[in-house]
Structure formats: structure tokens, C-alpha cells
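Report on the structure given below.
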Amino acid sequence: MTVREILILPDKRLRQVSDPVKKIDASLRKLVADMFETMYDAPGIGLAAIQIGTSKRVVTMDLAKKEEAKTPQVFINPEVTWSSTERATYEEGCLSIPEVYSDVERPAQVKVKYLDLEGELLEVEANGLLATCLQHEIDHLNGILFIDHLSKLKRDRIVKKFSKAAKRAAE
Ligand SMILES: [Zn+2]
């Protein structure tokens with residue numbers, strides 16, 4: 001397992017649409033292991049493969065609190081099949097946009113179908129933090145970031161700040 005580098009805004013790869021996984025093989029299992037290692041190291045509760053530069057539709061997640069036992073979850077080719085009209089607001093953050101937190105409104109409940117690491121097709125009905133986290137991570141697979149759900153003014157301000165920082169770091 002390897003802790004991989006997390007791509008940071010405004011890295012263009014974060015805007016790529018990721019490809020579906022066709023085969024669950026050793027290289028995919030290695031990717032998932034690296035994703036967990038990277039996510040726990042950060043630390044974060046969710047990670048999409050594109051955040052470590054691999055354009056595959058894979059999400060890792062662990063919503064356990066610090067003092068609780070780990071509950072690693074993998075979602076391969078996840079897809080929202082239903083969302084509630086009821087909406088909920090959570091303060092979101094993202095490992096690719098460090099230290100920025102903002103309220104985002106999304107459907108309060110979603111159904112998501114996905115494959116597990118054994119290739120079994122499953123469906124989860126999610127609410128609360130899991131619903132938010134799944135939607136945030138599935139957005140990543142489509143090149144969408146949580147700041148895209150904010151007002152243009154707020155988003156532009158954040159992008160500008162990170163673009164400046166990237167320019168400074170490159171000098
Ligand atoms: Zn994110």
C-alpha cells in the first residue's frame with residue numbers, strides 16, 4: 001500500500017470524467033488499497049480515484065468516528081438511481097480543496113447502485129452523512145467539485161485563491 005499524492009485545485013485532472021471499471025483485478029485491488037491508505041493518512045472520510053490521478057469510477061469511504069472501529073467501504077461504478085425531493089444541508093469539505101468548508105444543499109436521501117470488490121451488484125439507500133458523502137464522491141467521478149454547488153461569486157473566490165497558491169508554488 002502506498003500513500004499517493006492528492007491532486008489539489010485547480011489541477012485540471014479533477015475536471016475529468018472518470019471511466020467505468022471493466023474488470024475487478026489485482027491492479028484495481030491495489031488502487032483501492034492505495035486509496036484507503038491515502039484517505040486515512042490525510043485524514044479524510046471519502047476519496048475518489050481521480051483525486052489521486054486515476055481516472056476510474058472508484059470511491060472509498062469510512063464514516064466511522066475517530067474513537068470507533070474502522071468501517072472501510074468501496075463503491076465501484078456507483079450510480080444514483082433515485083434522489084428524494086426533500087433536501088438537506090451539510091457543511092462539506094474536500095481533500096482536494098484543503099481548509100475550505102461550506103454549506104451545500106443536496107437531496108436528503110439517495111439510492112445508489114454499485115459493485116463491491118467481489119463484483120457483486122448492490123444497492124444502498126442512504127440518508128444523512130452517507131447520502132451527502134456518496135453524492136460528493138460521485139460528483140468527483142463526473143468532474144464536479146462541491147464548490148460548483150456554491151454561488152459563482154464564492155466559487156470564483158476559492159478558485160482564484162488556489163490558482164494563486166499553485167502559481168506561487170511553481171515559481
Ligand atoms: Zn472531494
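Residue numbers count from 1 along this sequence.
- Residues M61 and V112 share a hydrophobic cluster, clusters being chains of Ile/Leu/Val/Met/Phe/Trp/Tyr side chains in contact below 4.5 Å.
- No side-chain heavy atom of K12 sits under 4.5 Å from any side-chain heavy atom of R15.
- A 4.5 Å side-chain heavy-atom check between T85 and P107 finds every atom pair outside the cut-off.
- The main-chain N or O of R4 is found under 3.5 Å from a side-chain atom of T38 such that the two form a donor-acceptor pair.
- V21 is listed as a side-chain neighbour of V58, based on a closest heavy-atom distance under 4.5 Å.
- Contact of the E120 side chain with the L115 side chain is not registered, since no non-hydrogen atoms from C-beta on lie closer than 4.5 Å.
- I6 approaches A42 most closely through the heavy-atom pair CD1-CB, 4.2 Å.
- Residues L153 and F162 do not share a hydrophobic cluster, defined by chaining ILVMFWY side chains whose heavy atoms lie under 4.5 Å apart.
- Annotation: the span from I97 atom CD1 to I8 atom CD1 amounts to 9.0 Å, rounded to 0.5 Å.
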Legend entry - Stepwise side-chain contact (heavy atoms from CB on, under 4.5 Å) test for Q73 and T60: CA-CA 6 Å; Q73 283 180 285; T60 54; over 6 Å; no
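- Residue H140 comes nearest to A48 through the heavy atom pair CB-CB, 3.5 Å, listed as atom of the first residue, atom of the second, then distance.
- Put simply, the side chain of D139 never gets that close to the backbone of I144: no donor and acceptor are under 3.5 Å apart.
- With hydrogens and angles disregarded, no donor-acceptor distance shorter than 3.5 Å links the side chain of R106 to the backbone of R87.
- Separation of atoms CG (L28) and CE (M35) is listed at 9.0 Å; rounding is to 0.5 Å.
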Inset, instruction - Could you walk me through whether V124 and L134 pass the side-chain contact (heavy atoms from CB on, under 4.5 Å) test, one step at a time? - result: CA-CA 10 Å; V124 62; L134 276 168; 4.1 Å; yes
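- Formation of a donor-acceptor pair under 3.5 Å by the Y90 side chain with backbone atoms of L129 is found in this model.
- I50 and I138 fall into different hydrophobic clusters, where Ile, Leu, Val, Met, Phe, Trp and Tyr are joined by side-chain heavy atoms under 4.5 Å apart, directly or via other members.
- Looking at heavy atoms from C-beta onward, L122 lies out of side-chain contact with F75 at the 4.5 angstrom threshold.
- A donor-acceptor pair under 3.5 Å is formed between the side chain of T81 and the backbone N or O of K111.
- Around CD of E99, the count of heavy atoms belonging to other residues, nucleotides or ligands within 6.0 Å does not exceed 12.
- Within the model, atoms CZ of F146 and CD of E137 stand 11.5 Å from one another, a figure rounded to the nearest 0.5 Å.
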Inset, instruction - May I have the step-by-step check of side-chain contact (heavy atoms from CB on, under 4.5 Å) for E105 and T89, ending in yes or no? - result: CA-CA 4 Å; E105 194 195 284; T89 301; 3.7 Å; yes
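- Between E123 and K113 there is no salt bridge, since no side-chain N of the basic residue sits under 4.0 Å from a carboxylate O of the acidic one.
- A side-chain N or O of H136 and one of E92 form a donor-acceptor pair less than 3.5 Å apart.
- Put simply, CG on D34 and CD1 on I52 are 6.0 Å apart, with the number rounded to the nearest 0.5 Å.
- In this model, a donor atom of one side chain and an acceptor atom of the other lie less than 3.5 Å apart for D62 and T71.
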Inset, instruction - Assess whether side-chain contact (heavy atoms from CB on, under 4.5 Å) is satisfied between V74 and F36, documenting all intermediate values. - result: CA-CA 9 Å; V74 186; F36 275 119; 3.5 Å; yes
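- Here the shortest heavy-atom pairing between H149 and V104 reads CB-CG1, 3.7 Å.
- For the pair I147/S102, no side-chain contact is recorded, criterion being any heavy-atom separation below 4.5 Å from C-beta on.
- Of all heavy-atom pairs spanning A64 and A69, the tightest one is CB-O, 3.3 Å.
- In the hydrophobic cluster analysis, where Ile, Leu, Val, Met, Phe, Trp and Tyr join through side-chain heavy atoms closer than 4.5 angstrom, L145 is grouped apart from V59.
- Taken from CD in E79 to CG in L141, the straight-line distance is 11.0 Å, to the nearest 0.5 Å.
- In this structure, OG1 in T54 is found 5.0 Å from CG in L31, a value given to the nearest 0.5 Å.
- Heavy-atom neighbours of E68 CD from other residues, nucleotides or ligands within 6.0 Å: above the threshold of 12.
- Side chains of I24 and L117 form a contact here, defined as non-hydrogen atoms less than 4.5 Å apart.
- The backbone N or O of S18 lies less than 3.5 Å from a partner atom in the side chain of R57, making a donor-acceptor pair.
- Nearest heavy-atom pair across L130 and L63 is CA-CD1, 3.6 Å.
- Between G46 and Q51, the shortest heavy-atom distance links the atoms O-OE1, 4.4 Å.
- Residue-environment remark: NZ (K30) exceeds the threshold of 12 foreign heavy atoms within 6.0 Å.
- For the pair D103/L150, no side-chain contact is recorded, criterion being any heavy-atom separation below 4.5 Å from C-beta on.
- Linking ILVMFWY side-chain heavy atoms closer than 4.5 Å, directly or via other members, places V32 and I45 in two distinct hydrophobic clusters.
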